Amino acid sequence: MTDHPANRLKDSASPYLRSAAHQPIDWHEWGDAAFSRAKSEDKPILLGIGAVWCHWCHVIDRESYENPEIAKIINEHFVAVKVDRDERPDVDSRYQSAISAISGQGGWPLTGFLLPDGKPFFGGTYFPPDDQMGRPGLRRLLHAIADSYRNKRGELERAANSLSDAVAQAEAFTGAHADFDLGVVDEQIASITKLFDIKNGGFGRAPKFPHASAIDLLLERYQQSKEKHLLAMAETTLDKMARGGVYDQLAGGFHRYSVDERWLVPHFEKMSYDNSELLKNYLHGYQVSQNPFLRETAESIIGWVNEDLSDQQNGGFYASQDADVSLDDDGDYFTWTLEELRAALLPDEARVMELYFDVEAHGEMHHNPAKNVLWIAGDAADIAKQLGLDETSVRLTIAKSKGKLFAARKPRPTPFIDTTMYVAWNAMFVSVYFDAARVLGGSLGANCRAFALKTIDRMLKEVWTECRGFGHRMGGPALEGSLDDQVFSVLALLDAYETTLDPRYFTAAQKTMDLAIARYDDPEGGGFFDRPSDAAPMGGLDVRRKPFQDSPTPSANSVAAIALVRMHAFTGDDRYHAFAKKTLEAFAGIAPQYGLFAATYGLAATVFAHHPLQVVITGDSNDPAAQALEAAAHSVYRFGKSVLRVTPETPQLHLAGALKETLPHLPANKPLAIVCSGNTCLPPTSDPKQLIALLENGATGAATS
């Protein structure tokens, strides 16, 4: 219990901000009220940026912001502002850039000190309450900054102005503009190959993050070139991640990243955007390799999302699941002692699972050495040989024991799930659920299709308007949409159109794309800003920013280019092609040096240069031959490919180029497949095997015309 009233964050729509409502600090949300107060009282601003899933954000809350003595210093000398980075990515991205320039590092919690107008002059990430671990204590820092603000104001103002100019300069991407050159993809593939970890999969060293766009780029390039090492890099990475502790071996779903290079010990939070992008990878990896383990992993991700990360009744995907229940644990919900495992299983089952999951008396967790992260350490054949058992019985034991362990984990206190629904992240999941419907088929595929449609319909109903496009969040007070919200939603709407041929999805996609051009485009330098041109002022770092790096989600500018290319393929409107070209040229001069971290740009460059493949399948709706052609078309991964199932009852389609000219001459009730790209169509085929060959090999000839 606290002996002070709840602060003004108690009414926030953000669960992260509400979690600080009990703190003795007079917190403000980001907005005019905070800046007005800072100016009228002539106080610097203490800015804290974090997220509900962020472990160290909770640490600084408990150690410092719940400390009455530290709170008194803050309330006396500062105006305190707390920001949820998921809710306000525009604020976070700008101050991350500024604080990184000061301290050499970014991340969360972000702790910034600003002038009353919002310009930052100092900051860092986590500060302990008192000096320790080589970090200055927040208590001492607050006193020092308050003193400097009173007595050395001129120095702080010069530092703030210099820093703001540096951020504006960095965001201007000076020297970034160049002619479009598809050779950038060769350079990116070379960079990705150089960073590949042959032993453990993945790219670079610890800490190790999944780089979903890089994996898709490797798979697409493999489909073009058939260079086996490209598939080996993608497949090895997907296999190692799915066998590691970074994957939840019992419930499914990926944790955010691995602290080690072997994918064993994760940061345990689970993010919506990681799981949508990795689900995409596993579906595409399965299409290319036919590796059943990749399909099983994809199905397991869907199982976890359907159970824990979505509103199955109304549609919509939730934002994240926290890593911890309290600050005293570190992934305790997900980890196991040897005794816990043995208590949940029969002795014979425990012997198998100790080997399968490498569970020992001494585990991997530093805060509790008895705790083990579950990872696949051995296969059934080796375990059977070691224990003198039949391999089939070992496989059955593993399957049954995983169910028992999952049931034993269920009663544990469960990490918090943030049920906020952010539009861009929902759009990403909508697209990949349509992907899952096409690749997996059957009842699971049908369920994914139905839920994707339910979600996109909810997005259109609740958070889309004809004059402003998409907002940022479903539910709660309205938040202005970002570029991400528009362009990911355009792709989701195009995917909905391709799946249903319902023209209302295409109409909404085109209107949203046109709004993005009108409101976010940089008419001088090309590319798109993250905030609309008519957005409300946002404080001292009100710089125009064009997101380019894939961090933590695919770059909004690269996604915009992909959306424009796909829109051009459907409409034939050269305006979309011109904007795609301008967007790619805006970053062509710097894309090679970003390498792995701009892999989405490589995908955009690929689909721009080769044109997206369009497949139309004709024939009566229940014709088995037409269904076989459709299944064949869906079985092949090619980035940007669309498959349109046309029957005699299908209304007029949105088509352009050679496809528009060719389709009227095909009998609608005869099962045929035609593959087109740009202004070229290949001869129709009724043979599913030939269609697969055209998509994997022959269609590249059409694509370059």
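Source: prediction; values computed, not measured. Heavy atoms only: backbone and side chains are in, while hydrogens, waters and symmetry mates are out.
- Remark: Asp330 pairs with no residue by the salt bridge (charged side-chain N to carboxylate O under 4.0 Å, His left out) rule, at least two apart or across chains.
- Between Arg221 and Asp186 there is a salt bridge, since a side-chain N of the basic residue sits under 4.0 Å from a carboxylate O of the acidic one.
- Here the straight-line distance linking atom CG of Leu294 with atom CD of Glu235 works out to 5.5 Å at 0.5 Å rounding.
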Side-chain donor/acceptor pairs under 3.5 Å, residues 226-234, sequence neighbours excluded:
residue, atom, partner, partner atom, Å
Lys226, NZ, Gln223, O, 3.0
Glu227, OE2, Ser225, OG, 2.9

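- Each side chain to side chain donor-acceptor pair (under 3.5 Å) pair with one or both residues in residues 356-365, not counting sequence neighbours, appears once here: Asp358-Trp375.
- For residues 236-250, the pairs satisfying side chain to side chain donor-acceptor pair (under 3.5 Å) are Asp239-Arg243, Tyr247-Ser300, Asp248-Lys270, Asp248-Arg409, with sequence neighbours left out.
- Below 30°, between 30° and 60°, or above 60°: for Trp108 and Trp53 the angle between ring planes is above 60°, a perpendicular geometry.
- Glu498 contributes no side-chain N or O that, together with a main-chain N or O of Ser642, makes up a donor-acceptor pair within less than 3.5 Å.
- Not counting sequence neighbours, Ser443 has no partner by the side-chain contact (heavy atoms from CB on, under 4.5 Å) test.
- Note on residues 275-292: pairs passing salt bridge (charged side-chain N to carboxylate O under 4.0 Å, His left out), not counting sequence neighbours, are Glu277-Lys280.
- The ring-ring contact (aromatic ring centres under 6.0 Å, His included) search around Tyr126 returns Trp56, not counting sequence neighbours.
- Not counting sequence neighbours, the partners of Asp435 by the salt bridge (charged side-chain N to carboxylate O under 4.0 Å, His left out) test are Arg438.
- A salt bridge (charged side-chain N to carboxylate O under 4.0 Å, His left out) check over residues 193-202, counting only residues at least two apart or in different chains, returns the pairs Asp197-Lys208.
- Listed by chain and residue number, nothing satisfies the side-chain hydrogen bond (donor to acceptor under 3.5 Å, both in side chains) test with His255 (two or more places apart in sequence, or in another chain).
- For the side-chain contact (heavy atoms from CB on, under 4.5 Å) test, residues two or more places apart in sequence or in another chain that qualify with Pro415 are Gln321, Asp322, Val325, Tyr333, Phe334.
- Using bins of under 30°, 30° to 60° and over 60° for the plane-to-plane angle, the ring pair Phe317/Phe429 lands in the parallel bin.
- Considering only residues two or more places apart in sequence or on other chains, His211 meets the ring-ring contact (aromatic ring centres under 6.0 Å, His included) condition with Phe597.
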